[in-house]
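In what follows, every chain begins at residue 1, and chains take the letters A, B, ... in the order their sequences are listed. Being a predicted model, the structure only gives us computed values, none of them experimental.
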Number of protein chains: 2
Amino acid sequence: MEEAAILLKQKGLKVTPQRLAILNLLRNTKEHPTAETIYKKLASDFPTMSLATVYKTLEVLKNIGLIQELNVGEGSFRYDANTNSHPHLVCLGCGKVEDLDESVLQNLIEEVKKHTDYKLVEQKLYFYGYCPACQRKLSN
Amino acid sequence: MEEAAILLKQKGLKVTPQRLAILNLLRNTKEHPTAETIYKKLASDFPTMSLATVYKTLEVLKNIGLIQELNVGEGSFRYDANTNSHPHLVCLGCGKVEDLDESVLQNLIEEVKKHTDYKLVEQKLYFYGYCPACQRKLSN
DNA sequence: GTGTTTGCAAACCTTTTGCACGCAG
DNA sequence: CTGCGTGCAAAAGGTTTGCAAACAC
């Protein structure tokens with residue numbers, strides 16, 4: 001049985017083709033797609049699947065901690081199978097969303113802890129700028 | 001003439017009571033209100049003002065850089081007259097949103113710059129946790 | 001006076017919900 | 001078989017838009 005199916009079963013969820021497809025799609029991409037994007041990408045394999053099912057599935061996967069929801073500030077959510085609340089780097093030129101690593105995150109958290117008496121639980125960190133390729137385009 | 005009016009005039013905008021009220025409200029609070037909250041707070045002074053006007057005004061103020069829009073991840077935007085893209089601290093207990101200072105921000109940005117070749121322009125940083133008061137409530 | 005802004009209602013877009021049918025276990 | 005999951009359509013919630021009337025300048 002494939003890994004995604006095992007993960008679902010472990011959490012006591014029924015393993016349906018739609019759930020497998022959505023989870024696998026997220027686990028195999030670095031693109032942080034929206035619900036709409038996921039829906040369209042799977043439309044060819046699951047022509048009858050509704051957008052509501054995508055949303056319901058994302059909700060379930062989020063609740064059991066297999067994926068996380070990102071809010072880059074676009075009016076719709078993006079989803080990520082990397083559930084660390086790691087920092088994201090958003091390119092203002094081409095719109096792509098990349099990850100920054102965990103080690104950077106730890107340093108950022110340390111810095112904030114020094115300056116607050118909040119008990120920190122998680123964080124959503126988005127840095128916006130231009131990726132190397134877009135920087136080159138701009139300088140032309 | 002009051003400061004808010006001067007700011008509007010400088011940007012070539014008509015100075016209307018609604019605009020003044022919204023801008024002043026934002027400049028005199030640390031609460032990061034939503035459009036809805038602003039609307040309700042001003043309802044007693046401006047009973048005929050519509051929510052659409054609040055939104056249109058916020059859009060205008062945002063475009064000329066007098067306020068910024070925050071997305072804490074609640075499904076609605078919050079607004080802030082502090083236009084530095086400073087980090088925010090969100091209390092998971094009581095929902096309040098506080099600011100972290102500029103000096104912390106500079107350290108955070110330095111750390112990220114060390115690890116990326118993006119040209120950074122701005123950032124949206126939200127740290128979630130429990131404020132001291134909510135920590136006390138939880139431990140009871 | 002003229003063009004911008006307001007206020008209302010309707011439209012919009014993403015996300016959520018209710019419910020009958022269908023499939024996984 | 002039993003109940004959870006799906007698909008459809010309708011609803012919801014926040015935000016945006018179109019347009020006529022009102023107002024700033």
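Two residues, B:Glu74 and B:Leu13, neighbour DNA chain D, and the one matched to the more 5' nucleotide by heavy-atom proximity is B:Glu74. Between B:Gly12 and A:Ala35, the residue anchored nearer the 5' end of DNA chain C, judged by the nucleotide with its closest heavy atom, is B:Gly12.
Whole-Å rounding puts the B:Leu20 CG to D:dA24 C1' distance at 12 Å. Following rounding to the nearest Å, A:Leu58 (CG) and D:dG5 (C1') show an atom-to-atom distance of 14 Å. Atom OH in A:Tyr39 sits about 14 Å away from atom P in D:dT6, given to the nearest Å. One atom, CZ of A:Phe77, and another, P of D:dG14, lie 12 Å apart when rounded to the nearest Å. Between A:Leu51 atom CG and D:dG7 atom C1' the separation is 11 Å, expressed in whole Å. Remark: P of D:dG7 and CG of A:Leu42 are 11 Å apart, rounded to the nearest angstrom. Remark: C1' of C:dT5 and CG of B:Leu8 are 12 Å apart, rounded to the nearest angstrom. Whole-Å rounding puts the B:Arg19 CZ to C:dG7 P distance at 11 Å.
Checking A:Glu69 against A:Tyr79 by side-chain atom types alone, a donor-acceptor pair falls below 3.5 Å.
Between B:Glu110 and B:Lys114, no side-chain nitrogen of the basic residue sits less than 4.0 Å from a carboxylate oxygen of the acidic one, so the salt-bridge criterion is not met. Salt bridge present: B:Glu59 and B:Lys62 bring a charged side-chain N and a carboxylate O closer than 4.0 Å.
Which of C:dG25, D:dT6, C:dA9 sits closest to the side chain of A:Thr57 comes down to D:dT6. Side-chain proximity of A:Lys9 to D:dT17, D:dC25, C:dG25: nearest is C:dG25. Distance from the side chain of B:Lys56 is smallest to D:dT17 among D:dT17, C:dA24, D:dT15. Of the listed nucleotides (D:dA9, D:dA24, C:dA24), D:dA24 has the atom at the smallest distance from the side chain of B:Lys14. Nearest nucleotide to the side chain of B:Met49, out of D:dT15, C:dG7, D:dC8: C:dG7.
Residue contacts shown for A:Thr53 include a base, since a base heavy atom lies under 4.0 Å away. The residue A:Gln18 sits close only to the backbone: its heavy atoms come under 4.0 Å of sugar-phosphate atoms, none of a base.
Ring geometry, A:His86 versus A:His32: the interplanar angle falls from 30° to 60°, so the pair is classed tilted.
Using a 4.0 Å cut-off, no side-chain N or O of A:Ser76 falls inside it from OP1 or OP2 of C:dC13. For the OP1/OP2 pair of C:dA9 and a distance below 4.0 Å, the side-chain nitrogens and oxygens of B:Ser50 include no atom meeting the criterion.
Few gaps surround CD on B:Glu111; more than 12 heavy atoms of other groups in view lie less than 6.0 Å from it.
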